[in-house]
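Both counts, for ligands and for their atoms, begin at 1 and track the order of listing. Side chains included, hydrogens not; waters and symmetry mates left out as well; all remaining heavy atoms used.
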Amino acid sequence: MFYNKFFKKQTTAPKTETERIDKVKSSVIPKHVAIIMDGNGRWAKKRSLPRVAGHHEGMKVVRKITILANDLGIETLTMFAFSTENWKRPKTEVDYLMNLPEEFLKIYLPELIEKNVKVQMIGDRTQIPKHTLRAVDKAIDDTKDNDGLILNFALNYGSRAEILHAVKEIALDIKNGKIVEENISEELFSNYLMTKNLPDPDLLIRTSGEIRLSNFMLWQLAYTEFCFTNVLWPDFNEEEFLNAIEQYQKRSRRFGGI
Ligand SMILES: Cc1cc(N2CCCCCC2)n2ncc(-c3ccc(F)cc3)c2n1
C-alpha cells in the first residue's frame, strides 16, 4: 500500500502486468509513439555474438512491443529500422538487415493481420533492394484495409533528405502554378512530408542510452515528449514500454504555452 499525496487516499500499486496495463489504459494514451531501436550491436558484443545476432533478437522485440501497443490502443507506432546513414555499415551487415523485413513478415504478418494491424513504411525506396520492397509492399497491401494500430517502419529514412525533398516539391509546385508562396504554412509543409497521413509523435523512445535524434523525424518531433532509456533494444520489453508510457502520462504537455 502507498499513500497518494495528491488524492489523500490509500491506493495500491498494481501487482500483475494485467493490472498495470489496465492502470495505464485508464490514463492518457499517446496516439503516436516513435521508437529509435538502438543498442542491438552492443547487446551482441556483450555476449561475444556477431552484431547480426543483436539485430535478430531486436526483431523479436518489434513484434512484442507492436502487440502491446495495439492492446493499449496506441494508434501509430513508428519504428526506426534503417537510416540513410546505415548504408555505411559493412556489406554483410547491410545485406543481413535488408533481409530482416522479409524474415519478420514471414513469421509475424499472419498475427499482425489477425490483430487488425496496418503496416506502412516511410523512407527512400530507391536504394532498398527489390526483394525487400516486395515483402514490405505485400504486407502493406495485405493490411491496407485494417484499421487497428498503424505499424509504420522507417526504412532507409533520413529526416534532412525528407525535408529537402519537400522543399524541392514545393518549389516545383510554385513554379508550375500549383501553389503560391503566400499559402506556404506549417500545415502545407507537413503535407509534403512522408508522414503526411500521420499525426506528429506524442512520445519518442530511444534505447541504449544515446541522447540524440540521429536525423529522425526532425520536423515532426517539435513538440514530442522524449524518453531516453539505457536499456539495449534487444532487452527492451513490455515492462520497459509501460515505464515509458507512464513517464509520458506524468508529464503535462504545453505545446509552447504555459
Ligand atoms: C531493416 C530492418 C531492421 C530491423 N531490425 C530489428 C529491430 C532492431 C533495429 C534494427 C534491426 N527490423 N525489424 C523489423 C523490420 C521490418 C521492417 C519493415 C517491415 F515491413 C517489417 C519489418 C526491420 N527492418
Donor-acceptor contact present, side-chain Gln249 to main-chain Val28, <3.5 Å: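 Answer holds: yes.
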
Do any N or O atoms from the side chain of Thr229 and from the backbone of Thr207 form a donor-acceptor pair under 3.5 angstrom?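 No: the side chain of Thr229 does not pair with the backbone of Thr207.
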
Residue Glu186 excluded, over 12 heavy atoms near CD under 6.0 Å: no

For Gln120 and Asn197, what are the C-alpha separation, side-chain angles and deciding distance, and is it a side-chain hydrogen bond (donor to acceptor under 3.5 Å, both in side chains)? CA-CA 11 Å; Gln120 289 190 354; Asn197 67 321; 3.0 Å; yes

Aromatic plane relationship, Trp233 with Phe236 - under 30° parallel, 30 to 60° tilted, over 60° perpendicular: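 Judged by the thresholds at 30° and 60°, the geometry between Phe236 and Trp233 is parallel.
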
Which pairs would a plain distance check flag for residues 97-108, meaning a side-chain donor or acceptor within less than 3.5 Å of a matching protein atom at least two apart in sequence or in another chain?
unit_1: Asn99; atom_1: ND2; unit_2: Asp95; atom_2: O; d: 3.2
unit_1: Glu102; atom_1: OE1; unit_2: His131; atom_2: ND1; d: 2.6
unit_1: Glu102; atom_1: OE2; unit_2: His131; atom_2: ND1; d: 3.2
unit_1: Glu103; atom_1: OE2; unit_2: His56; atom_2: NE2; d: 2.8

Every residue of the protein that comes under 4.0 Å of ligand 1, judged on heavy atoms: Met37, Asn40, His55, Gly58, Met59, Val62, Ala81, Phe82, Leu97, Leu100, Pro101, Phe104, Leu105, Val136, Phe153, Leu155, Trp233

